[in-house]
Amino acid sequence: MPAQRVIAIYPGSFDPPTNGHLDLIERGSKIFDLLVVAILQNPEKNPLFTIQERVEMLRDVTQHCSNVEVETFNGLLVDYAVRRQARVILRGIRAISDYEYEMQMALMNRKLDPNLETVFMMPAVAYTFLSSRLVREVCQLGGDIRSLVPPAVEERLRAKVV
Ligand code: PNS
């Protein structure tokens with residue numbers, strides 16, 4: 001019997017995508033047949049980048065990963081995963097402090113859809129302190145973000161904060 005293709009969703013806000021996100025996408029793309037990076041359209045949040053800008057940035061920085069797609073979604077993640085025929089939700093865990101929130105989400109998603117499995121991966125140790133929120137803050141205050149985000153993202157961030 002031929003093995004079933006495993007499709008994974010990597011959901012998030014990606015405001016903006018960081019080197020930590022890219023590290024996880026690259027790791028995930030080596031394991032899953034198709035990895036769908038799914039940006040949440042959340043009208044309640046006040047993002048720095050529009051959803052279209054985030055799509056463009058993520059498509060740009062994942063060009064080298066042939067089995068990675070970038071999309072947006074709204075509503076429940078589990079419903080979107082079913083629409084995409086995904087069996088896995090991929091999330092990154094950087095430190096113990098991420099664990100509680102991630103565990104709550106994973107267990108709630110399992111309750112909503114027991115067929116979906118959440119898989120956690122750790123980014124490279126160099127990115128364990130990295131978050132989109134801190135990158136935005138450092139950039140807004142004039143700090144050096146070159147080693148924190150891909151060059152295409154840095155350019156857009158600089159343009160946003162001038
Ligand atoms: O990058 P983030 O902001 O930590 O990502 C959070 C995200 C998008 C994964 C989460 O908010 C989500 O899945 N939202 C979709 C709505 C949903 O399904 N909520 C129930 C999750 S248990």
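None of these values were measured; they are calculated from a predicted model. Both ligands and their constituent atoms are indexed starting at 1 by order of listing.
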Query raised in the report: If only atom types and distance count, is the side chain of D23 paired as donor or acceptor with the main-chain N or O of N19 below 3.5 Å?
Result: no
Query raised in the report: Of all the non-hydrogen atoms in the protein, which one sits nearest to atom 21 (C) of ligand 1, and at what distance?
Result: N109 OD1, 3.8 Å
Query - Side-chain donor/acceptor of D98 to backbone N/O of I93, under 3.5 Å - result: no
Query raised in the report: Can you find a protein heavy atom closer to atom 12 (C) of ligand 1 than 4.0 Å?
Result: no
Query raised in the report: atom 10 (C) of ligand 1: which protein heavy atom is closest, and how many Å away?
Result: M105 SD, 3.9 Å
Query raised in the report: Considering only protein heavy atoms, which is closest to atom 20 (C) of ligand 1, and at what distance to one decimal place?
Result: L76 CD2, 4.1 Å
Report task. List the closest protein heavy-atom neighbour of atom 15 (C) of ligand 1: residue, atom name, distance to the nearest 0.1 Å. Result -> G75 O, 3.6 Å
Query raised in the report: Just heavy atoms, cut-off under 4.0 Å: does Y80 contact ligand 1 by side chain, backbone, both, or neither?
Result: neither
Query raised in the report: Apart from V82 itself, what residues make up its hydrophobic cluster when side-chain heavy atoms of I, L, V, M, F, W and Y under 4.5 Å apart count as a link, directly or indirectly?
Result: none
Report task. Check ligand 1 against K45 and write out every atom of the ligand that is under 4.0 Å from a heavy-atom position of the residue. Result -> 3 (O)
Query - Side chain E53, main chain T50, donor-acceptor under 3.5 Å - result: yes
Report task. Supply the members, apart from M108, of the Ile/Leu/Val/Met/Phe/Trp/Tyr cluster built from side-chain contacts under 4.5 Å; use none for a lone residue. Result -> I7, I9, L34, V36, L40, F73, L76, L77, V78, Y80, I89, L112, L116
Report task. For atom 3 (O) of ligand 1, grab the closest protein heavy atom and report residue, atom and distance to one decimal in Å. Result -> S13 OG, 2.6 Å
Query - Closest approach of any protein heavy atom to atom 9 (C) of ligand 1, naming residue and atom - result: R91 NH1, 3.4 Å
Query raised in the report: Hey, does the side chain of S13 reach the backbone of D15 with a donor-acceptor pair shorter than 3.5 angstrom?
Result: no
Report summary line: In this structure, atom 14 (N) of ligand 1 is nearest to the protein heavy atom L40 CD2, 3.8 Å
Report summary line: Quick note on ligand 1: atoms under 4.0 Å from a heavy atom of M108 include exactly 22 (S)
Report task. Identify whether the distance between the nearest side-chain nitrogen and carboxylate oxygen of R110 and E117 falls below 4.0 Å. Result -> yes
Query raised in the report: Which atoms of ligand 1 have any heavy atom of Y101 under 4.0 Å away?
Result: 4 (O), 6 (C)
Query raised in the report: So, E154 and R158, do they make that salt bridge, N to O below 4.0 Å?
Result: yes
Query raised in the report: Do R94 side-chain atoms and L130 backbone N/O form a donor-acceptor pair below 3.5 Å?
Result: yes
Query raised in the report: Going by the atom numbers of ligand 1, which of them fall below 4.0 Å from some non-hydrogen atom of L77?
Result: 13 (O), 17 (C), 18 (O)
